[in-house]
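Just below is one structure, and these are the notes that go with it.
Residue numbers begin at 1 in each chain, while the letters A, B, ... track the order of the sequences. Nothing here was measured: the structure is a model prediction, and the numbers come from that model.
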Amino acid sequence: MSDDPGGVPAGSGQDQGGTENPRPGDGPASPASPADPAGSAGAGGDAAASGPAGSADDQGDASAERGLGRFRGLDRAILDAIIHGSPTVVTILAVISALVLGALIIAFSDTAVLHAWASFFSAPGAAISAAWQSIASAYSALFEGAIFNPHTVAAAFHGGSVGAIFYPLSETASEATPLVLTGLSVALAFRAGLFNIGAASQWIGGAIVVTYLGFAVSLPPVIHVIVCLAGGFAGGAVMGWLVGDLKARTGAHEVIVTIMLNYIMYDLLSYVLDTPKALQLPHQANLISPNIAADAQLPHVGGPPPQVGVGFLVALAAAAGMWWLLERSTTGFEFRTVGANPSAARTAGMSVQKTWILAMLLAGGLAGLSGAVTIQGSFYSLNFQSYGTYGIDGITVALLGRARPAGVVLAALLFGALNAGGPVMEAATSVPIDIAEVIEGLIVLFVAAPPLIRAVFRLREARGSGMEAIAKGWNG
Amino acid sequence: MELELRGITKRFGSLVANDHIDLAVAPGEIRGLLGENGAGKTTLMNVLYGLVQPDEGEILVDGKQVTIHSPKDAINAKIGMVHQHFMLVPVFTVAENVALGVEQQRKLKIGSLPGIPTGLLDRGRARRQVIELSERYGLQVNPDVRIEDLPVGVQQRVEIIKALLRQASVLILDEPTAVLTPGETEDLFRVMRELREGGRSIVFISHKLKEVQTIADKITVIRRGKVVGERPPSTSDAELAALMVGRPVELKVSKEPAKPADVVLEVTDLTVAGAAGLAAAGQDSRNSVDGVSFQVRAGEILGIAGVQGNGQTELCEALMGLLPSGGQVRLDGKDISRATPHDRLRSGISYIPEDRREDGLVSDFSVADNLVLDLYDRKPFASGIAMDLPAIRANARTLTTEFDVRTSSIDATVGTLSGGNQQKVILAREVGRRVRLLLASQPTRGLDVGSIEFVHRRIIEERDQGVAVIIVSSELDEIYALADRIAVMYEGQITGFRPPSVPVTELGLLMAGVRNGAAADPAGSDGNPDDGPPGGGSAGRTEPT
């Protein structure tokens, strides 16, 4: 949502980092644990479980213990808030509220409207109608750009193209494709109890591999596409695995590691794009790679022009696959158990560390796949424009989709629609494209803020009996 | 102050949690409110404290009707409540916690003018109040200690001070002993008596018969949302239990003498280093489990007694491979000292963890999922990595019926179940399969009489089917009811093995770390615990060695 890909991760990273801080003393070294015999209650049990870090024994993995201990704190409350926080109706209300607020911003950033309002007391009708017109034209342009333009229907009746009717929708799908995948990446990690802030770095990991395989390797047509997609997945998976492995081995928190990797990969991207021996297009001063071979590009299906990129189908397939993995497979059961209650997972014989590694690997793979479909499906070359802000937007998509595959797809489509309609709106009216981004931001704010606030203040949504919000207090 | 509830009714959907409940508490009375988990005790008290609005009925204070819509109204009506889960800020001191919500500003005194508020927190005043109340009621609370450094029992007293400071005349204690050790419970009872002398009324909610009999002046029994009787504290256990459960209850499950067979578990010199639990007591150099050796045979129950925090938790976790440990653990002769928790489960150990909410269940998961939590990757629940949902659901239907888990559906999240039913879910999961060794830590903590009977009966059934059983419990009643052999732990070591005929006083001494020389079991010292305990006759067995 920002043009500076470096800045955004830092900003959201500080948010996440900040939320880590309130429980720094939760490590095994903490002497705060009461010596009371009722050690099982509250913090006592915590400390007892993560206690013997000083053990000289070779079996123990002190860092992992520490990770578990810390996880019982705010992380878990936030995850719980994200996954169980808002019912669907809240999400819909958030979207409506954001559109209303966006409308006000549209109206009052329009100079003509402001002039009309200056003479509000002499001609209130004019002021209100000016505001209304401004809002209506902006939103109808947005709608026409993203979903459906009535003019194309009229044109179709007069011999125009029927396909043009669906053009806005195909734009929306195309814009949504990489967002679905980065959103799934973040969501998958959420479900396993991990905060993957690193979809951006994993995207780059995937995109670099795809670009290289795309222009430097020649393969038969269909195979080339598949190899590139697999390569993109692998490139991202390596980045994700690195994060998971570091967390499992050393207890390094994934938020810190992924943010740092975002910077590292961003700089690596500019290096490889600036180095002719690497990925830079020869005889070019710009940071741009060569186009990938035509047989590595993802085709469009459905015939011109109402067409759907195969990338979108890949994204939908990934969402379906993730749903199956989470809800129907033992691996997903492990993910969800570790995400919901790591100590119960451990007691049930699951390896929390292995789960972390595998979840991050798959999450990274999905983000890498996002890089692959972006390069193979729409841009055909790697540069900072194709890099965009998919990695960071994936977090907001996952939040909005409540970390569920279907939710992520819908959220990505909503964002895709706003992204597709934005330029049309700007062209048709004087409303800047940034308004679409403002609306995206507002939606996320409205959806994410209440559960996050509840989480930070340890308030529980009153479930069932309606008394737990108060009765649970700090131990809740 | 006299408090009266008339015809209180509260429904949650189709469930009637309180059904026309009448209750009158006189000044200076300790009223015991006895009922099973889910009987509606807590709902009633939440009505009284304004956390829940009743559908019908009225609350009278000194004969006058009051409306209580929020805890604030309750406080104004001089009703105070100490919740099962404390509502204290861990990083604040006692005085700060007590002042929370009723902060006093420091006043600037100039001559005879009334004080001018300075906006500064008057910590001194809160401290003085804590000290004063603490002395008056013998609470022994230091106002300057941070909450997180205090044992649970003292934290509870801080909650009591908070209520007293808000001028509570009626104090509601919701399952206050659930988190306390026997000693702390005694302290609490002493404090409660002091408060009664001071003219305050106390409503003491519990499902533990003995405690209610000990402390209450009058006992009100609630079952399924209705008051089913009021009894004096002299009423017999059996009568109270029957009232509570609605049918005659066996308080002590009868069992046949054990028929121990082959050694299933052999633990040699098990050691777990460094104990966070003891660190605060300045004993951090000690091992939390220190060279423990014992054997358990098929078809016998070894009860591990001891005051909590003496290494029992660590012992269980080490046996499950959840904590790194030294020494050797052999299951059926196979060394499993280095096996992962997963491998140990698969080699035939069942584990009922002490902290079921934290370690035993995933409260956001359905009952069905929780019933396969540690079997999810095994046939018939999975083939390859695909889970078999019909099999999981069938398993859930069978087990919920067999173990009488009361849930609206097998898809309900386990967090919505009562404590007893949650424990039944774990029990069903761990006992509902064929195992070699059942390791149960505090299996009935927080359960009501009806559920305890059920759990005990199932555990004895397991034993009779030839399973080796280890019960870790800080409740001596439970140890006596179940164990065929008793081991006592103190500071990470086993201070002795005894037959179940051992007198309580002797166990008490062992639990306090006194190894009374000659009477001590020879097994305790030479690492061969199966040398017959002197009085093993009660279990009706002769020692094979």
[X], part contacting chain A, at a heavy-atom distance under 4.5 Å:
X: B:Ile385; value: both
X: B:Asp174; value: neither
X: B:Tyr376; value: both

Hey, could you give me the [atom1]/[atom2] distance between [X] and [Y], rounded to the nearest 0.5 Å?
X: B:Leu322; Y: A:Ser343; atom1: CG; atom2: OG; answer: 9.5 Å
X: A:Thr331; Y: B:Met387; atom1: OG1; atom2: CE; answer: 9.5 Å
X: A:Thr347; Y: B:Leu373; atom1: OG1; atom2: CG; answer: 9.0 Å
X: B:Asp377; Y: A:Thr330; atom1: CG; atom2: OG1; answer: 6.5 Å
X: B:Glu317; Y: A:Arg346; atom1: CD; atom2: CZ; answer: 6.5 Å

- Query: Heavy atoms under 4.5 Å from chain B: which residues of residues 320-328 of chain A carry them?
  - Reply: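 Listed by number: A:Trp324, A:Glu327, A:Arg328.
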* To do: Carefully, step by step, assess B:Phe365 and A:Phe333 under the rule ring pair (Phe, Tyr, Trp, His ring centres under 6.0 Å).
  => CA-CA 10 Å; B:Phe365 280 16; A:Phe333 192 75; 5.7 Å; yes
State which residues pass salt bridge (Lys or Arg N to Asp or Glu O under 4.0 Å) with [X]; sequence neighbours excluded, sorted by chain then number.
X: A:Asp245; result: A:Arg249
X: B:Asp388; result: none
X: B:Asp374; result: B:Arg429, B:Arg433

When every non-hydrogen atom of B:Gly360 is compared with those of A:Ala344, the smallest separation belongs to N-CB, 4.4 Å
Greatest number of non-hydrogen atom pairs under 4.5 angstrom with chain A, of B:Thr416, B:Asp369, B:Val91, falls to B:Asp369
Check: Using a cut-off of under 4.5 Å for heavy-atom pairs, which of B:Leu361, B:Asp343, B:Val372 has the most such pairs with chain A?
Finding: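 Most heavy-atom pairs under 4.5 Å with chain A: B:Leu361.
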| message | Closer than 3.5 angstrom, by distance alone: can the side chain of A:Asn341 be matched with the main-chain N or O of B:Ser363 as a donor-acceptor pair? | response | no
